[in-house]
Amino acid sequence: MSYFIYILVNNIVPISIMIAIGAAMYRAFHIDIKTLSKLNFYVFSPALVFVKLYESEMNLHILMQVLLFFVLFFSLLFAIIEVIIRLKKMQRGMRIAMRNSVIFYNSANYALPLNQTVFGGNAYTLSIQIVIMIMQTLIPNTYGIYTLNAHKSTWKATMKTILSLPVIYAIPIALLLRYFHLPVPGSIHIPLQYISNAFMATALLTLGVQLGGMKWEFHFSNVLVSNILRLAAGPLIGFFVVWLLGIEGITAKALILSCAVPTSLSSVLLAIEYENEPEFSSQAVFTSTLFSMFTIPVVIFCLDFI
């Protein structure tokens with residue numbers, strides 16, 4: 001019950017307030033969502049990744065174990081989604097949006113505080129979640145953009161779009177600086193921290209603006225499928241993969257919990273930026289975040305049996 005109350009008070013209510021503010025701002029001032037989207041892609045997201053990665057504590061053993069788990073988990077989840085979207089005979093745009101709403105999950109602003117609450121601020125489990133967060137940042141900015149652009153532009157043009165994103169360079173730079181113990185000058189580190197701290201607020205306001213401008217033609221069937229795959233199939237596959245790899249103890253618990261979080265705002269930002277089913281994507285994020293306050297306590301309860 002305490003986890004349920006925590007998730008409600010510390011995740012659902014604050015997120016809902018920010019989304020409501022964004023929707024109200026759109027209704028009052030008709031804010032340009034494209035501008036907000038570009039700020040998220042080119043400023044706030046890369047700053048967040050750089051700061052979290054540069055300040056993290058992880059070793060090679062953790063990195064390789066988590067990467068192996070992630071590759072298997074991602075592959076199985078992707079395969080299940082492909083089967084379902086083909087059975088439902090979805091159109092290309094909806095196939096991509098459905099896929100993104102399930103494979104891109106909120107591994108940063110939702111999963112990081114959840115991890116620290118469940119595991120009592122454990123630095124080891126935090127390192128595990130940070131590795132997942134890095135992968136969940138890299139994939140939307142590479143594979144996600146490629147799938148949205150491959151049909152309407154050349155491979156060269158698509159790669160140019162991907163390589164223009166700052167987050168692609170933020171990851172290796174942060175890793176090199178941390179590996180060689182090179183300090184970031186305070187005049188650079190301080191603004192990066194300010195910007196990274198603004199990511200969550202800006203992303204949620206963007207979601208609110210998108211929701212506020214929608215006609216609300218609810219995609220009930222597709223949104224329900226997305227929510228079930230993200231909130232139910234995700235952690236079940238996580239349980240299976242840790243069993244398959246023989247991972248036990250707190251490592252297994254942290255990995256499974258990382259699979260249980262709701263749909264990432266990245267799916268909405270991609271949908272808005274590249275004009276691909278933004279209404280469905282926004283509804284998937286909103287509903288999965290709402291329903292997660294019921295599903296995550298169940299996952300946490302099941303972790304006691306590992």
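When a residue number appears, it is its place in the shown sequence, counting from 1.
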What's the verdict on side chain to side chain contact (heavy atoms under 4.5 Å, CB included) for Leu255 and Gln65, showing C-alpha distance, side-chain angles and the deciding distance? CA-CA 10 Å; Leu255 289 170; Gln65 191 174 47; 5.5 Å; no
Partners passing side-chain hydrogen bond (donor to acceptor under 3.5 Å, both in side chains) against Thr125 (at least two apart in sequence or in another chain): Asn115
Around Tyr194, counting heavy atoms of other residues, nucleotides and ligands shown, do more than 12 lie under 6.0 Å from its OH? no
ILVMFWY network linking Leu236 to Val102, side-chain heavy atoms under 4.5 angstrom: no
Derivation and outcome, side chain to side chain contact (heavy atoms under 4.5 Å, CB included), residues Cys302 and Val299: CA-CA 5 Å; Cys302 293; Val299 173; 5.7 Å; no
When clusters are formed by joining ILVMFWY residues with side-chain heavy atoms under 4.5 Å apart, either directly or through shared neighbours, do Val83 and Ile96 land in the same one? no
Do you know the tightest heavy-atom contact between Tyr105 and Ser258? CE1-O, 3.2 Å
Between CD1 on residue Ile81 and CG on residue Leu76, distance to nearest 0.5 Å: 11.0 Å
Heavy-atom check, side chain of Leu257 versus side chain of Phe119, under 4.5 Å: yes
Thr263 to Ser226 - nearest heavy-atom pair and separation: OG1-OG, 4.4 Å
Find the distance between CD1 (Ile139) and CD1 (Ile103) and round it off to the nearest 0.5 Å. 7.0 Å
Answer yes if Leu175 and Ile188 sit in the same cluster of Ile, Leu, Val, Met, Phe, Trp and Tyr residues linked by side chain heavy atoms under 4.5 Å apart, and no otherwise. yes
In terms of side-chain heavy atoms, does Tyr124 have a donor or acceptor partner in Thr251 at a distance below 3.5 Å? yes
From CE (Met18) to CD1 (Ile21), nearest 0.5 Å: 5.5 Å
Applying the 4.5 Å side-chain criterion to the ILVMFWY set and letting contacts propagate, would Leu87 and Phe78 be lumped into a single cluster? no
Show the nearest heavy-atom pair for residues Phe69 and Leu245, with the distance to one decimal. CA-CD1, 3.9 Å
Would you please name every residue forming a side-chain contact (heavy atoms from CB on, under 4.5 Å) with Phe180, sequence neighbours left out? Leu176, Leu182
Closest non-hydrogen atom pair, Ala111 against Gln129: CB-NE2, 3.4 Å
Between Val71 and Ser75, is any pair of side-chain heavy atoms under 4.5 Å apart? yes
Hey, any chance Val298 and Val261 share a hydrophobic cluster, counting ILVMFWY side chains that come within less than 4.5 Å of each other, even indirectly? no
Are Glu82 and Arg99 close enough that some pair of their side-chain heavy atoms sits under 4.5 Å apart? yes
Can you find a pair of side-chain heavy atoms, one from Ile237 and one from Ile80, that are under 4.5 Å apart? yes
Within-4.5 Å side-chain heavy-atom neighbours: Ser288 and Leu231: yes
Looking at side-chain heavy atoms only, is the closest gap between Val184 and Phe50 below 4.5 Å? yes
Glu248: what forms a salt bridge (charged side-chain N to carboxylate O under 4.0 Å, His left out) with it, not counting sequence neighbours? none
Residue pair Arg230 / Ala260: nearest heavy atoms and the distance that separates them: NH1-C, 4.2 Å
Look at the aromatic rings of Tyr54 and His189 and report parallel, tilted or perpendicular, splitting at 30° and 60°. perpendicular
In the structure I gave you, are the side-chain heavy atoms of Val66 and Met135 within less than 4.5 Å of one another anywhere? no
Closest non-hydrogen contact found for Gln136 with Phe104 is OE1-CA, 3.2 Å
Just how far is it from atom CD1 of Ile300 to atom NZ of Lys253, taken to the nearest 0.5 Å? 11.5 Å
Once you round to the nearest 0.5 Å, how far does CG of Leu77 lie from CG of Leu72? 12.5 Å
Please round to the nearest 0.5 Å and tell me the distance separating atom CZ of Phe74 and atom SG of Cys259. 12.0 Å
Distance-only, no hydrogens or angles: does the Ser281 side chain make a donor-acceptor pair with backbone N or O of Pro278 under 3.5 Å? no
Val131 and Met64, any side-chain heavy atoms less than 4.5 Å apart: no
